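Only a predicted model underlies this, so the values are computations on that prediction, with no experimental measurement involved.
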Amino acid sequence: MAILKSHFVSLFPLLLLLHFPTVSFAQTLFVFGDGLYDAGNKQFLSQNRVDASFPPYGVTVGQATGRWSDGSIVPDYLANFMGIPRISPILQTTADFSHGANFAIADASVLGSPPETMTLSQQVRKFLENKNKWTNQTRSEAIYLIYIGSDDYLNYAKNNPSPSDDQKQAFVDQVITTLKAEIKVVYGSGGRKFAFQNLAPLGCLPAVKQASGNVQECVKLPSEMAALHNKKLLQLLVELSRELNGFQYSFYDFFSSIQNRVIKSKTYTFETGIAACCGTGSINGTDCSAKNVCAKPEEYIFFDGKHLTQEANLQVGHLMWGADPEVIGPNNIRELMVLPLDITVILADIHKAMAAMRPRQSKIESLYDIKKMESEMENHWLYQVDKASSFMI
């Protein structure tokens, strides 16, 4: 019985598509976030030198493009998997935005007002200013990809080295409250399909470990804050899916992906998950330049002290696109992009079909209880994030 239930949950998106064969595939991608997703916005906003606009950034693809990596970043791969061109930075005003726009920018945060960047609120405002570039239907069918919060918690941990549990939770609540407000703004402008990459174990970043003076261990507080954030973020998405009609989401456990690769690098094709490819210091945590870059970036998880290599981004992109519910749920992005917008109507029809089957198949009535399955999927995911949050090296 448990095996049948598991198979039904995993096949549920496919059953919906079979029930509703005239679905439209998302052909638009909107990207919000920080340096991990920045496709070049920083170089258009900053008055100072932007390292990502110069080598060795872009070394694997032959040129620096403003991306904080040796090559492609996660949104590039997801756009490719969707069958659309790479999404241009919104501040590149001459670009083609027919398939969406990238609002992410290095050093972005959820709270505060850091210089020469855009907070999440400012990115969303920029989206509102430009939303008429796309039709209402396009905005409703689009994928809204979001990764942000790292800088909030890194700065908090730096300025508050010994916070109480209540203080930690209060700060996480501030971040989540702001996230909720901005998600609702995007929803109010037609957004329905949201894909979240949760935060990495921030204490495992080479820049953070090197600054702590103990490069053999991940720093506890930043990773703990990230884990608290991830748990609250998933709870928020579950809440919004119940509160907002048509709200759909994907939640990728990036925390565990990085955690596993740092600990068991060679299992995932990397030579090291400790040192960065480019930089100075004991594990190359700072000051990436052409003078101190490794020969084979593909052997590293981290390109510089905070950002991933192209190879690591490729692995993340594949996981977000097509991994199973142990890694990303309740839908991966491949499933999310084809889910019908009015899913509540379909669920009602499936309930009716099941009711008609009950006289002949009463023994499996509870197996196909949709509400029960949804609840169990949510509980499974909350358990997974709880489990991840308990990990500290």
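Here F196 and F251 keep their ring centres 6.0 angstrom or further from each other. For H307 and F302, the distance between ring centers is not under 6.0 angstrom.
Side-chain atoms of N41 come within 3.5 Å of backbone N or O of I90 as a donor-acceptor pair. A donor-acceptor pair under 3.5 Å links the side-chain atoms of S265 to the main chain of G273, judged by distance alone. N198 contributes a side-chain N or O that, together with a main-chain N or O of F255, makes up a donor-acceptor pair within less than 3.5 Å. Side chain of S189 to backbone of V186: no donor-acceptor contact under 3.5 angstrom is found. Judged by distance alone, with hydrogens and angles left aside, the side-chain atoms of N331 form a donor-acceptor pair with the main-chain N or O of Y249 at under 3.5 Å. The backbone N or O of S72 sits less than 3.5 Å from a side-chain atom of Q310, completing a donor-acceptor pair. Using a distance-only test at 3.5 Å, with no hydrogens or angles considered, a donor-acceptor pair links the side chain of E335 to the main chain of N332. Here the side chain of N292 pairs a donor or acceptor atom with the backbone of S289 at under 3.5 angstrom. Looking at T309, its side chain does come within 3.5 Å of a backbone N or O of Y300 through a donor-acceptor pair. Without hydrogens or angle criteria, Q210 side chain to T280 main chain gives a donor-acceptor distance under 3.5 Å.
Tracing side-chain contacts under 4.5 Å through hydrophobic residues (I, L, V, M, F, W, Y), one reaches Y144 starting from L240; they form part of the same cluster. When hydrophobic clusters are built by joining Ile, Leu, Val, Met, Phe, Trp and Tyr residues whose side-chain heavy atoms come closer than 4.5 Å, directly or via intermediates, I84 is grouped together with M320. F103 and W68 fall into different hydrophobic clusters, where Ile, Leu, Val, Met, Phe, Trp and Tyr are joined by side-chain heavy atoms under 4.5 Å apart, directly or via other members. The hydrophobic clustering, which links ILVMFWY residues whose side-chain heavy atoms are closer than 4.5 Å, places I183 and Y252 together. Cluster annotation: L205 is connected to L228 through the hydrophobic network of ILVMFWY side chains, with a link wherever side-chain heavy atoms come within less than 4.5 Å.
Every pair passing salt bridge (Lys or Arg N to Asp or Glu O under 4.0 Å) that includes a residue from residues 119-137 is listed here, sequence neighbours excluded: R125-E182, K126-E129. Residue pairs meeting the salt bridge (Lys or Arg N to Asp or Glu O under 4.0 Å) criterion with at least one partner in residues 152-167, sequence neighbours excluded, are D165-K168. For the salt bridge (Lys or Arg N to Asp or Glu O under 4.0 Å) condition, the pairs that include at least one residue of residues 74-89, sequence neighbours left out, are R67-D76, D76-R86. Every pair passing salt bridge (Lys or Arg N to Asp or Glu O under 4.0 Å) that includes a residue from residues 104-118 is listed here, sequence neighbours excluded: K42-D107.
Put simply, the side chain of R49 reaches to within 4.5 Å of the side chain of F54, judged on heavy atoms. You'll find the side chain of V316 reaches within 4.5 Å of the side chain of L308, heavy atoms only. Contact check for K193 versus Q248: side-chain heavy atoms found under the 4.5 Å cut-off. A heavy-atom distance below 4.5 Å is not found between the side chains of M337 and F81. Taking the side chain as every heavy atom from C-beta outward, T119 and P114 approach each other to under 4.5 Å. By the 4.5 Å heavy-atom criterion applied to side chains, D324 and V327 are counted as neighbours. The shortest distance between side-chain heavy atoms of L29 and V31 falls below 4.5 Å. You'll find the side chain of F270 stays beyond 4.5 Å of the side chain of E299, heavy atoms only.
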Report the C-alpha separation of T28 and E141 in whole Å, then their side-chain angles, then the decisive distance to 0.1 Å, and conclude whether the side-chain contact (heavy atoms from CB on, under 4.5 Å) test is met.
-> CA-CA 7 Å; T28 309; E141 294 174 346; over 6 Å; no
Going through the distances and angles, do N214 and S212 end up as a side chain to side chain donor-acceptor pair (under 3.5 Å)?
-> CA-CA 6 Å; N214 183 358; S212 76; over 6 Å; no
Should F30 and W134 be marked as a ring pair (Phe, Tyr, Trp, His ring centres under 6.0 Å) after you check the CA-CA gap, both sets of side-chain angles, and the distance that decides it?
-> CA-CA 11 Å; F30 296 111; W134 307 280; 4.7 Å; yes
For R192 and Y187, run side-chain contact (heavy atoms from CB on, under 4.5 Å): C-alpha distance rounded to whole Å, both residues' side-chain angles, the deciding distance at 0.1 Å, then the answer.
-> CA-CA 6 Å; R192 293 297 181 270; Y187 176 89; 3.3 Å; yes
With side-chain contact (heavy atoms from CB on, under 4.5 Å) as the test, would you mind laying out the steps for T272 and I301 before giving the verdict?
-> CA-CA 7 Å; T272 178; I301 297 171; over 6 Å; no
What do the steps show when you test K306 against D151 for salt bridge (Lys or Arg N to Asp or Glu O under 4.0 Å), and what is the final call?
-> CA-CA 10 Å; K306 292 175 63 176; D151 281 85; 3.3 Å; yes
May I have the step-by-step check of side-chain contact (heavy atoms from CB on, under 4.5 Å) for D70 and Y57, ending in yes or no?
-> CA-CA 5 Å; D70 58 303; Y57 291 93; over 6 Å; no
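Hydrophobic side-chain contacts under 4.5 Å tie I283 into a cluster, directly or through other members, with V215, I274.
In the model, Q235 has no side-chain atom that pairs as donor or acceptor with a side-chain atom of E239 under 3.5 Å. No side-chain N or O of Y268 forms a donor-acceptor pair with one of S257 less than 3.5 Å apart. Residues Q315 and T269 have side chains that bring a donor and an acceptor to within less than 3.5 angstrom of each other.
For the atom pair CD1 (I333) and NE2 (H318), the distance works out to 12.5 Å, reported to the nearest 0.5 Å. Taken from CZ in F303 to CD1 in I73, the straight-line distance is 13.5 Å, to the nearest 0.5 Å. To the nearest 0.5 Å, atom CD1 of residue I105 and atom CD1 of residue I148 are 10.5 Å apart. One finds the CG atom of L233 at 11.5 Å from the CD atom of Q197 (value rounded to the nearest 0.5 Å).
Note on ring orientation: taking the six-membered ring where Trp is involved, the planes of Y153 and H229 are perpendicular (angle over 60°, cut-offs 30° and 60°). The aromatic rings of F127 and F32 sit perpendicular, their planes meeting at an angle over 60°, well past the 30° parallel limit.
The nearest pair of heavy atoms linking V50 to Q43 is CG2-CA, 3.8 Å. Closest non-hydrogen pair, A39 versus N102, comes out as CB-ND2, 3.5 Å. Annotation for A275 and P206: closest pair C-CG, 4.4 Å, computed over non-hydrogen atoms. Here the closest heavy-atom approach between residue F254 and residue L199 is recorded as CD2-C, 4.1 Å. Taking every heavy atom of both residues into account, P222 and V208 meet most closely at CG-CG1, 4.1 Å. When every heavy atom of L36 is checked against every heavy atom of Y147, the shortest pair comes out as CD2-CE2, 3.6 Å.
We find that E271 and K296 are not joined by a salt bridge, their nearest charged nitrogen and carboxylate oxygen being 4.0 Å or further apart.
Looking at I328, I143, L339 one by one, the single match for side-chain contact (heavy atoms from CB on, under 4.5 Å) with S250 turns out to be I328.
With sequence neighbours excluded, the residues satisfying side-chain contact (heavy atoms from CB on, under 4.5 Å) with Q167 are Y156, P163, S164.
A distance below 2.5 Å between sulfur gamma atoms is met by C288 and C278.
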